[in-house]
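Working notes for the structure below.
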Amino acid sequence: MTDEDYPTDDPAVVTCGLPYPTGDLHIGHLRTYVSGDAFSRALRKLGQETVFVSGTDMHGTPIAVQAIEAGVGPLDLGLERHEQYADTFEEFSVAFDTYGHTDEETNVELTREFVGAWEDNDHVYETEIQVAYDPDADQWLPDRYVEGTCPYCGEHARGDECDEGCQRHLEPGEIEAPVSTITGNSAEYHERAHKFLRLSDFQEYLEGFINRMEGTNNAKNQPREWIEGGLEDFCITRDLDWGIDYPGEGGDDLVLYVWVDAPIEYVAATKQYSERVGTEEFDWASVWKDGDGEIIHVIGRDIIQHHTVFWPSMLAGADYAEPRAVCATGFVNIDGRGLSTSKNRAIWAAEYLDAGFHPDLLRYYLATASGFERDVNFSWAEFAQRVNTELADAVGNFAYRALLFANRNFDGTPQEVSLTDDVETEIAQAMDDYEDALNEYDLRTAGERAVALARFGNEYIQHNEPWNLDSEAAAPVMRDCVQLVKAVAVLLQPFLPEKTETLWAQLGEDGRVSDATIADCLQAPPAEFGEPAELFEKIEDDRVTELDEALAAKIEAASSEDADGEGMADETADDGIELEPLAEDDISFEEFQALDLRVGEVVEAEGIEGADDLARLEVDIGHEVRQIVAGIKQLHDLDALPGTRVVVVANMEPSELFGVESNGMVLAAGEDADLLTTHEDSEPGTKVM
RNA sequence: AGCGGGAUGGGAUAGCCAGGAGAUUCCGCCGGGCUCAUAACCCGGAGAUCGGUAGUUCAAAUCUACCUCCCGCUACCA
C-alpha cells in the first residue's frame, strides 16, 4: 500500500461488500455495487491497474434457517440467489472481475489458512460459553436457531439480535426463555467450548490503522468509539452444520462464524482472478500478502465496524496487508422515508428494469446524487428531473446537436484545423478536477465535472453559432465541439458504461470507450462518422405520476397485509400524528381485572442521576407509598409533580432500572407521556375500573 | 445521554480541516434571445445577514463555548 495519489504503480483491488442471499436486491444494495463499479472503472480511466471483486456470502444461520423453511439445502438456496445476483449485476453493468461465493474451494482453503495463521501467531484461545441446545433434536442452536426473550427489553428476539425490540446485538447465551426454531421446544443452555480471536492483541495496531486509513468520514470515525474504548474478543465459531469446518482437531461439529469466511472471499476472489489470467499478469499474493497494491473496500454503512475493526485484525493476525481505504455508502431513502423491505417501501432491481428504464440512468442517479457517504433520497420525480435535465438536456442534447451538425457539414470531425487553446484548457481542467475528485473518493464531483463539460459545450456552440458561419469559420468551432463530446464520453464512461459505448460508436471510434483512458479526452476524434441518434429519452410527467401511484399502491398493499403497527414513529406533515392501530384481539373482563389499577398521588419526584429520561417517583397508593421509576424526566417539571394524582398499575412485577427498583407503573399517554389523572377527588388507593 | 454525521436563497448541494471583498453549482421561478439540436439551448434577473446565542479576531459560513432541531450507532422510558 502507498499513500500516493491514484494512479499508483501498484494494482488496486476494489471490493464490494458481499450480498447476503436472503432476498432480492433493491436500489439500496445497488447504490453500493454501482458505486464500487463506477469507482473501479474510474480508477482504470486514470490508468490505475484495477481488479474489482466480490461474491455471495453463503454461510450463516439465516440462510440455514431459510433453507429449512423452504425445504431445500442451504447450498442450493444460496446458489440460486447467487446466480440471480450475478445476473442482476450484469444487467446493471456491475462488472466484477471475479464474482465468486464463499462456499467455493478457494475460499474454504484460504479461510483455513487464515485460522491456522492466527493459531500459529497465538491469537486464538478456547473458552467455555453457554450455548442453547435442543435436547429433542439433539442439536446445538446457534444464532437464529433460537428465539426467546430479550434480556434487555423483554421483546421477542431472534438468536443474535433483538430485532423486534431494542435492536441490541445478543451474545450467545444471553437470550432468555430460549425456544428452538427447529422443534419449537424449549431449549436448554449447555456449556460448550468455543474459539475466540483475541482482538485485544490488535488494540495498538488498530489505533494506528484507523488514523492512516483513507475513505469516507463515517468509516474513519465511527469505529473510534470501539477501538479507543477497548475491544472485546471475537467469537469465531458456531455449532452449526452449514459453514466452513473449524480446521484441526474436533472440527467436525464446529464451523467458523460467517463473518470470518465472508471477508476472506475478497482475497479468494482476487486469487481466482489471478489463477484465471495467470500470476504473470496479476499476482494476488503481492497485493494481499506483500502489500504491493491498494486495497479499497466499498461497503454499506451498516458494516463499517466489520471492515474497520474485525477485518483489519484478521488480516494483521495472519500477516496480510491492510486496506488502504474503506468507503461506506449511505442508505437510500424513498420519498424521504427509510427504505423498508417488510413494508415494500423499496424499488427492487427487477422492478426498475421492468419499468423499462435503462440501467445506466439509475447508475448515474445513485452514484452522483450525493456524496459517497451521505444518504440519498430516491423519488421518481427527482429521478425524472435529473435524467431530463442532466442526461437528456445537458449531455444528450449537446452530443446530438454537435455530432449531427458535424456530420452534416463535415462528414465527421473537421480536418486541418486544430483544437482551440481555450477548449483544450477547459478539457484539461476537467481532467484534473476529475482526477482530484477520485483521489478524494468523491464520485459525485467526478460525475458532475463531466456533465459540466457538456454544459460548457452547449454554451460554446451557442456563442459561436456555427450555423451562422461559413464552412471555413465553422470548422474550428466544430472541431472543438466534437472533441468536447469525446471527452464527455470518456469521463462519463464509469457512470454510464453502455450509453457512452453507444456514443463512442457514434463518434466513429473503433475500440471501446471502456478501454480508453483519461488521456484520450484530448486525442483527436475520427475524421469520419455517421449521423448520430439521440442518446437519452426524456421521462414525461405523466409517467412519473404513474410510477408514484404504483409505488404508493404496493406500499399500501403491503401494510394492509400485516398491520402490526410497526414504525409508528413516522411523522406525517399533513394531518398530525399517526395513530397506532387498534388491537385486534379482544380480552375478557377477567383478563382486564388482572390489572390492579389504583389512584395514586405523587409525593416525591427526582431525576435519576445519569439517566436522561428516568425519574424516581414516590407514589402514595393508599395502602403504602411505592417507589416507581418512570421515563418522564424530560417531559415533565419534576418539582411540580408532587401532589399530582396519577393512575398506577399496582401489581406490576418489580423491576430494576438504572439500579433503582421500580414497584409499579405510572400510566401516561403517547410519546409525550401525558400523565393520566382523575378529575374529582378520588382518594389515593381507590381502585380504577 | 455518549459517539459520529448533518443544519447554507423555494428544493438539492459546495465551501468550511489550512478564517478576508455579503457565498458555489444544479433544479425551480421571472424577463429576454436564438433556432444547429430532444419545446432543446444561450443570456440576464429576483431570492439566503450561511440553525441559535455568546466569544476570539482588524476580519467568521469558515475558529472556540454553550444551546436547539434532524439522522445513524450505542444506551435506561416497567
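Sorted by first then second residue, the salt bridge (charged side-chain N to carboxylate O under 4.0 Å, His left out) pairs that include residues 382-398 of chain A, not counting sequence neighbours, are A:R386-A:E390, A:D393-A:K538. Within the structure, the side-chain hydrogen bond (donor to acceptor under 3.5 Å, both in side chains) test picks out no pair touching residues 402-412 of chain A (sequence neighbours left out). The stretch residues 460-486 of chain A participates, sequence neighbours left out, in these salt bridge (charged side-chain N to carboxylate O under 4.0 Å, His left out) pairs: A:K486-A:E509.
In terms of the side chain to side chain contact (heavy atoms under 4.5 Å, CB included) criterion, residue partners of A:H306 (sequence neighbours excluded) are, by chain and number, A:W259, A:I303, A:F310. A:D436 pairs by the side chain to side chain contact (heavy atoms under 4.5 Å, CB included) definition with nothing, not counting sequence neighbours. Checked against ring-ring contact (aromatic ring centres under 6.0 Å, His included), A:Y460 has the following partners two or more places apart in sequence or in another chain: A:F456. Remark: A:Y434 engages no residue in a ring-ring contact (aromatic ring centres under 6.0 Å, His included) (not counting sequence neighbours).
Side-chain proximity of A:K538 to B:U38, B:C41, B:C36: nearest is B:U38. Picking from B:G72, B:C41, B:U38 the nucleotide with the shortest atom distance to the side chain of A:N458 gives B:C41.
Around the CD atom of A:E537, the shell of radius 6.0 Å holds no more than 12 heavy atoms that belong to other residues, nucleotides or ligands. Around the CD atom of A:Q415, the shell of radius 6.0 Å holds more than 12 heavy atoms that belong to other residues, nucleotides or ligands. In A:Q203, the CD atom is crowded: over 12 heavy atoms of neighbouring residues, nucleotides or ligands sit closer than 6.0 Å.
A cation-pi contact links A:R301 to A:F331, judged by a cut-off of 6.0 Å to the six-membered ring centre and 45° from its axis.
Within 4.0 Å of A:F331, counting heavy atoms only, lies no atom of the nucleic acid at all. Residue contacts shown for A:L535 include a base, since a base heavy atom lies under 4.0 Å away. Among the protein residues, A:E459 comes within range of the sugar-phosphate backbone only, with heavy atoms under 4.0 Å from sugar or phosphate atoms but none that close to a base. Using a 4.0 Å heavy-atom distance criterion, A:R386 is classed as making no nucleic acid contact.
The line from CD of A:E440 to OG1 of A:T445 is 9.0 Å long, rounded to the nearest 0.5 Å.
Under a 4.0 Å N-O distance rule, the pair A:R449/A:E426 qualifies as a salt bridge.
Shown for residues 395-404 of chain A: residues whose heavy atoms fall under 4.0 angstrom of RNA chain B, namely A:G396, A:N397, A:Y400, A:R401, A:L404. The stretch residues 434-454 of chain A touches RNA chain B through A:R444, each having a heavy atom within less than 4.0 Å of the strand.
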Please list each protein N or O that sits under 3.5 Å from an N or O in nucleotides 2-6 of chain B, with the distance.
| residue | atom | partner | partner atom | Å |
| --- | --- | --- | --- | --- |
| B:G5 | OP1 | A:N221 | ND2 | 3.2 |

Listing time: all N or O pairs from protein to nucleotides 28-35 of chain B that are below 3.5 Å?
| residue | atom | partner | partner atom | Å |
| --- | --- | --- | --- | --- |
| B:G33 | N2 | A:Q462 | NE2 | 3.3 |

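Residue A:D393 contributes atom CG, which lies 4 Å from atom P of B:C41 at whole-angstrom precision. Summarising the geometry, the separation between CD1 on A:I304 and P on B:G72 is reported as 14 Å, rounded to the nearest angstrom. For the pair A:N377 CG and B:C71 P, the computed distance is 14 Å after rounding to whole Å.
Helical stems in RNA chain B, defined as runs of 3 or more consecutive Watson-Crick or G-U wobble pairs with both donor-acceptor distances under 3.5 Å, are listed by first residue as B:1-7 with B:68-74, B:10-12 with B:25-27, B:29-33 with B:41-45, B:51-55 with B:63-67.
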